[in-house]
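Let me begin by presenting the structure, written as structure tokens, before commenting on it.
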Amino acid sequence: MRGAYRVPYASRGSILGTTEATALGQLLESGASLSMGTWRERFERRFGDHVGTRYALSVTSGTVALELAVHLLDLAPGDEVVVTPQTFQATAQPLLDRQVRVRFCDIDRESLNMDPAVLKSLITDRTRAILLVHYGGWPAEMDEIVTMARERGVLVVEDCAHALGAQYDGRRPGSLGDIGCFSFHASKNITTLGEGGMLTFDRDDWAERIDRLRSNEVDGVFVAGSASPLDAPELLPWMKYSSSVYRDACLGVRRSGTNATLSEAACVVGLHQLDRLEELVGRRRAIAARLNEVVDRHPHARAGRPRSGVHHAQHLYTCFVSGPSGTREALVRGLDARGVEVQLRYFPLHLTPEWRSRGHGHGECPVAEELWFTEHVNLPCHPGLSDAQVDHMAEALDAALEDARAVAEGTGNAGRAAHTDRSVNAVNPVNPVTDCVPSTKETSHAAH
């Protein structure tokens with residue numbers, strides 16, 4: 001759409017207010033350190049308690065969390081990793097740097113999560129890890145997936161970028177597999193001033209390795225007290241290094257370190273945002289419930305419902321429309337013309353150029369391909385929407401679904417009666433694939 005939307009997609013997925021602003025002001029006035037201080041410790045401790053893991057280690061983005069999680073897998077050439085195709089490119093991108101075989105697992109038609117039945121057929125003796133996403137905030141069927149993984153000695157990495165606030169049979173994403181990776185990007189359910197991420201797990205050795213890496217230290221194999229050079233210069237009390245710099249020996253380097261330290265300002269905001277999580281996710285669920293009521297009135301449309309015991313975080317609101325070719329496009333055009341911004345997320349990864357260059361292509365994940373190209377629609381669902389905007393979106397969805405039905409039945413045309421809002425929204429007709437999704441790449445790093 002060209003022009004202003006009455007109901008825009010989220011530029012911010014959370015709400016920042018006076019509480020966060022006051023806390024930031026107090027931090028700045030305190031004279032305390034702005035890096036690696038007490039706020040980071042408090043945020044990580046609270047986040048680990050919330051998720052239910054022994055460790056929660058913050059980093060500068062969800063993408064960095066995923067990169068470091070893949071590093072912890074210690075993959076070797078020839079290893080296999082199973083990945084979902086229905087996710088932002090950051091989930092699988094670190095695997096492009098490794099000489100491993102990636103196997104894309106098709107998705108469940110309702111949740112858009114990795115399908116356990118398909119996964120079972122993809123695990124081999126070479127499989128070392130599974131990388132999955134809790135799509136839109138709907139937790140994947142982790143009991144089945146983790147049981148399969150444990151039987152074969154396979155590690156499970158959860159991309160939880162969408163899932164903060166969700167629950168799975170009384171447990172929280174990030175504690176269900178071996179490693180959880182969270183994003184606090186501006187679009188997420190909580191934010192740490194626009195960027196930020198977290199890794200969650202229980203292993204002591206991983207905690208030591210991640211803490212070293214994010215602090216610009218080497219992730220290596222060290223042996224204490226095995227070296228004692230006789231000609232070593234004296235270390236004086238005010239020098240940065242201890243005498244262990246001479247005594248310890250490094251037997252190998254797994255990876256050089258980087259600076260991935262989340263600032264104190266980010267952490268103080270994150271801590272207060274975590275306090276508001278129930279409120280923020282509650283608003284998302286209320287919006288989703290209103291949209292579900294509309295979808296349920298139309299036989300050619302559907303919106304999946306998690307089973308009992310699984311609670312959706314509603315980072316995304318996804319629904320589906322079925323019918324002859326062009327039905328989904330009629331729906332998208334109708335919504336767009338009525339001032340409701342639509343985004344289709346995410347383009348199936350196995351069809352992108354970088355993964356096609358690795359031997360992947362059409363037909364590999366038929367369910368993901370069918371749904372994304374013909375049925376799948378994402379609507380705005382974030383706490384920044386007013387009641388009036390939600391009302392308008394519900395009315396627009398109801399009318400656009402009726403128009404799409406008419407088109408499917410051959411009794412109408414795309415966008416019928418949708419021109420009534422053009423004076424408000426300065427709408428021009430668009431192609432929902434080429435205009436709403438400019439390329440196979442996401443146009444921003446909003447997912448992580």
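Just so we're clear, the structure is a prediction, and the values are computed from it rather than from any experiment.
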query = Salt bridge check: are D275 and R46 linked by an N-O gap of less than 4.0 Å?
reply = yes

inquiry  = Which residue is it: V157, L66, I179? I am looking for the one with a side-chain contact (heavy atoms from CB on, under 4.5 Å) to L131.
reply    = V157

Side chain to side chain donor-acceptor pair (under 3.5 Å) partners of residues 27-41, not counting sequence neighbours, each pair once = none

remark   = Those residues at least two apart in sequence (or on a different chain) that pass side-chain contact (heavy atoms from CB on, under 4.5 Å) with V281 are N189, L277, R285

message = Between S322 and T327, is there a side-chain heavy-atom distance shorter than 4.5 Å?
response = no

request  = Kindly compute the distance separating OH (Y135) from NE2 (H312), expressed to the nearest 0.5 Å.
outcome  = 8.5 Å

query = For the residue pair A129 and L73, what are the closest heavy atoms and their distance?
reply = CB-CD1, 3.6 Å

key: Spacing of CG belonging to N259 relative to CZ belonging to R214, to within rounding of 0.5 Å   = 10.5 Å

ask   = Taking side chain as C-beta onward, heavy atoms only, is V295 less than 4.5 Å from H300?
value = no

message = On a heavy-atom basis, which atom in G174 and which in E158 lie closest, and how many Å separate them?
response = N-OE1, 2.9 Å

request  = Determine the minimum heavy-atom distance between I107 and V367, stating which atoms define it.
outcome  = O-CG1, 3.5 Å

ask   = Nearest 0.5 Å, what's the CG-CD1 distance between D178 and I130?
value = 9.5 Å

remark   = Per side-chain contact (heavy atoms from CB on, under 4.5 Å), L164 is matched among H50, H315, R172, K188 by H50

task = Could you check if a side-chain atom of E44 sits within less than 4.5 angstrom of a side-chain atom of L57, using non-hydrogen atoms only?
result = yes

task = Taking all heavy atoms of F320 and all of E110, pick out the closest pair and write down the distance.
result = CE1-O, 4.1 Å

inquiry  = Working note: N378 + T318, criterion side chain to side chain donor-acceptor pair (under 3.5 Å); need CA distance, chi angles, decisive distance, verdict.
reply    = CA-CA 5 Å; N378 295 128; T318 303; 2.7 Å; yes

request  = Under the side-chain hydrogen bond (donor to acceptor under 3.5 Å, both in side chains) rule, collect the residues that match up with E370, sequence neighbours excluded.
outcome  = R109

ask   = Are F43 and F184 near enough that their ring centres are under 6.0 Å apart?
value = yes

task = Applying ring pair (Phe, Tyr, Trp, His ring centres under 6.0 Å), run through Y55 and F47 and close with a yes or a no.
result = CA-CA 9 Å; Y55 295 103; F47 198 89; over 10 Å; no

query = Between Y168 and R307, is there a cation-pi geometry (under 6.0 Å to ring centre, at most 45° from the normal)?
reply = yes

ask   = Rounded to the nearest 0.5 Å, what separation is found between the CH2 atom of W355 and the NE2 atom of H360?
value = 6.0 Å

inquiry  = What I'd like to find out is whether the side chain of H376 reaches to under 4.5 Å of the side chain of R345, using heavy atoms alone.
reply    = no

request  = To the nearest 0.5 angstrom, please state how far the CG atom of D296 sits from the CG atom of N292.
outcome  = 6.0 Å

remark   = For V100 and R358 the tightest heavy-atom approach is O-NH2, 3.2 Å

